[in-house]
Structure formats: C-alpha cells, structure tokens
Amino acid sequence: MLTATPAAGQGELAPPPAADSVPAVSGQVNLRGTVGIPRGGLRNNISGVGGGLHGYIGGWIGRRPLLVGLDLGILNYGRTTDQVPFSRTVGPRVPVEVSTNNNVVEAHLSLRLQPRTGRFRPYVEGLAGFKYLFTRTTVGDEDFGNDELGDDIAESTNYDDFALSGGAGAGIDVRVYQ
C-alpha cells in the first residue's frame, strides 16, 4: 500500500494577512538629476558647474525601516569642441572636430534609515563606494548634416583617476507610483 502526504496547497486556506502587516513598499527605484560644483584645484581649470544623472535601486531589510541599495551616477563637468586642420600637410582643406569630455562615474552602496509608508518619506543615509574621473578626447569628421553622428577617427582617454569615497546624506523621497 502506498501513502502520500497532502501537497502544500491542499491544506486549509489561511486568511489573508492584515493590511497593516504587509509593507506598502518592498523596494524602490529612483532617478534624479545632479549638479556638481568644482572646488579646489579643479575649480581653477573648470568654468561653470557640471550636471548629470543618478539612479538608485534598493530593497528593505526585513520589516525594519532599513533600506540597502546601490546608487550609480555619471556627471559631466565640461566639454570642449574645436575644429582644427587634420594635419599640417593637408592644412585647412580637411577640418576635423576635436571634442574633449570630462566625466565622473560614481558607484556607492547605500544604507538608508527611512519610513516604509507615506507619500513623503524623509531619510538619512550612509554611502561607501568609489568615483572614477576621466577625460576623453575624440577626433572625428565634421558633421555637415549628412548623417546624425559623424564618424570618429581616433579617441583617447587623456587622464583618469580612481578614488574610494564615502559620505552621509539626507533627503525626502516623494512617491509618484506604487
């Protein structure tokens, strides 16, 4: 004779959990614009401020008001474009476009203390990660409207640097979708 235990779904139906015991948000994603203001020696070589985008994705730890996440971003703090002759031999008959972009890529792990419910949710957070600063130059043909992108002839990373970074922050998240 063979016997079998009932399958897990064959037991009695349990009542659904109470609405207040289920967290309103199990994680969150956000996108924000950022502004960078150069300081120190960098300020002497840069005119103006930088701008970029940051994204955040995080998940709650259990039922606590603690959120662990990853914050990624890119900030451009300057771009120059010049039209120069391709070479001394050819002279001004073949102009090329030389563009230099200055960027910072950031990646940080984040630990946030934040309420789980409500449309407006203030938070404090600690961050630990890195920043990668790089300056990249490309040489390309002039775009006379024949195509959208132009063609790159050469490119080079002129300068790059890597630094560990950390910090603390505070803010308010505003829920736009649930």
Side-chain angles (χ1 to χ4, degrees), residues 8-9 13-43 45-81 99-138 140 147-150 152 155-178:
L13 293 175
D20 61 349
S21 69
V22 178
V25 178
S26 60
Q28 68 183 34
V29 174
N30 69 42
L31 185 66
R32 65 190 183 279
T34 56
V35 174
I37 301 171
R39 300 187 56 159
L42 187 60
R43 184 178 185 169
N45 297 313
I46 304 272
S47 60
V49 299
L53 286 173
H54 271 76
Y56 175 84
I57 184 167
W60 298 100
I61 296 178
R63 296 196 176 277
R64 289 172 252 165
L66 201 55
L67 192 65
V68 175
L70 180 63
D71 189 277
L72 300 171
I74 186 161
L75 176 76
N76 178 280
Y77 61 92
R79 176 183 170 92
T80 59
T81 301
S99 298
T100 300
N101 284 294
N102 307 304
N103 301 292
V104 177
V105 173
E106 303 177 5
H108 292 92
L109 292 175
S110 166
L111 190 59
R112 284 187 181 186
L113 185 60
Q114 181 176 31
R116 294 177 80 133
T117 59
R119 181 169 175 87
F120 299 96
R121 296 180 299 121
Y123 66 87
V124 293
E125 72 180 337
L127 301 162
F130 70 87
K131 294 183 181 185
Y132 175 64
L133 176 134
F134 63 99
T135 298
R136 187 151 188 82
T137 299
T138 58
D147 58 27
E148 292 287 323
L149 302 174
D152 288 342
E155 59 186 28
S156 175
T157 299
N158 311 101
Y159 176 81
D160 66 342
D161 199 7
F162 177 88
L164 295 175
S165 63
I172 298 174
D173 279 336
V174 179
R175 187 184 70 233
V176 294
Y177 178 78
Q178 181 173 348

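Residues in residues 110-132 take part in these ring-ring contact (aromatic ring centres under 6.0 Å, His included) pairs, two or more places apart or across chains: Phe130-Phe162, Tyr132-Phe134. The salt bridge (charged side-chain N to carboxylate O under 4.0 Å, His left out) pairs that include a residue from residues 157-170 number zero, where partners must be two or more places apart or lie in different chains.
Residues Leu72 and Ala107 come closest through the heavy atom pair CD2-CB, 3.6 Å. Listed here is the closest heavy atom pair of Ser110 and Leu127: CB-CD2, 3.6 Å. In plain terms, the two heavy atoms of Ser99 and Thr81 that are nearest each other are OG-OG1, 3.2 Å. Across all non-hydrogen atoms, the minimal contact from Pro115 to Pro122 is CD-O, 3.1 Å.
Summarising the geometry, atom CD belonging to Gln28 is positioned 10.0 Å from atom CD1 belonging to Ile57; distances are rounded to the nearest 0.5 Å.
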Can I get a per-line list of side-chain donor-acceptor pairs under 3.5 Å for residues 64-71, giving both atom names and the distance, sequence neighbours left out?
from  : atom 1 : to    : atom 2 : distance (Å)
Asp71 : OD1    : Arg32 : NH2    : 3.4
Asp71 : OD2    : Arg32 : NH1    : 3.2
Asp71 : OD2    : Arg32 : NH2    : 2.7

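Residues passing the side chain to side chain donor-acceptor pair (under 3.5 Å) test with Asn103, sequence neighbours excluded: Asn76. Remark: Thr80 pairs with no residue by the side chain to side chain donor-acceptor pair (under 3.5 Å) rule, at least two apart or across chains. By the side chain to side chain donor-acceptor pair (under 3.5 Å) test, Thr138 pairs with no residue at all, sequence neighbours left out.
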**Report entry** CA sep, side-chain torsions, deciding dist, call: His54, Glu106, side-chain contact (heavy atoms from CB on, under 4.5 Å)
**Finding:** CA-CA 9 Å; His54 271 76; Glu106 303 177 5; 3.0 Å; yes
Query raised in the report: Is there a side-chain contact (heavy atoms from CB on, under 4.5 Å) between Asn102 and Tyr159 once you walk through the steps?
Result: CA-CA 9 Å; Asn102 307 304; Tyr159 176 81; over 6 Å; no
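Checking side-chain atoms of Arg136 against main-chain N and O of Asn101 turns up no donor-acceptor pair under 3.5 Å. At least one donor-acceptor pair under 3.5 Å links the side chain of Arg119 to the backbone N or O of Arg175.
Counting heavy atoms from C-beta outward, Arg121 and Arg112 have side chains that stay 4.5 Å or more apart. Looking only at side-chain heavy atoms (C-beta outward), Tyr56 and His108 stay at 4.5 Å or farther from each other.
Counting only N and O atoms by type, the side chains of Asn158 and Thr137 include a donor and acceptor under 3.5 Å apart.
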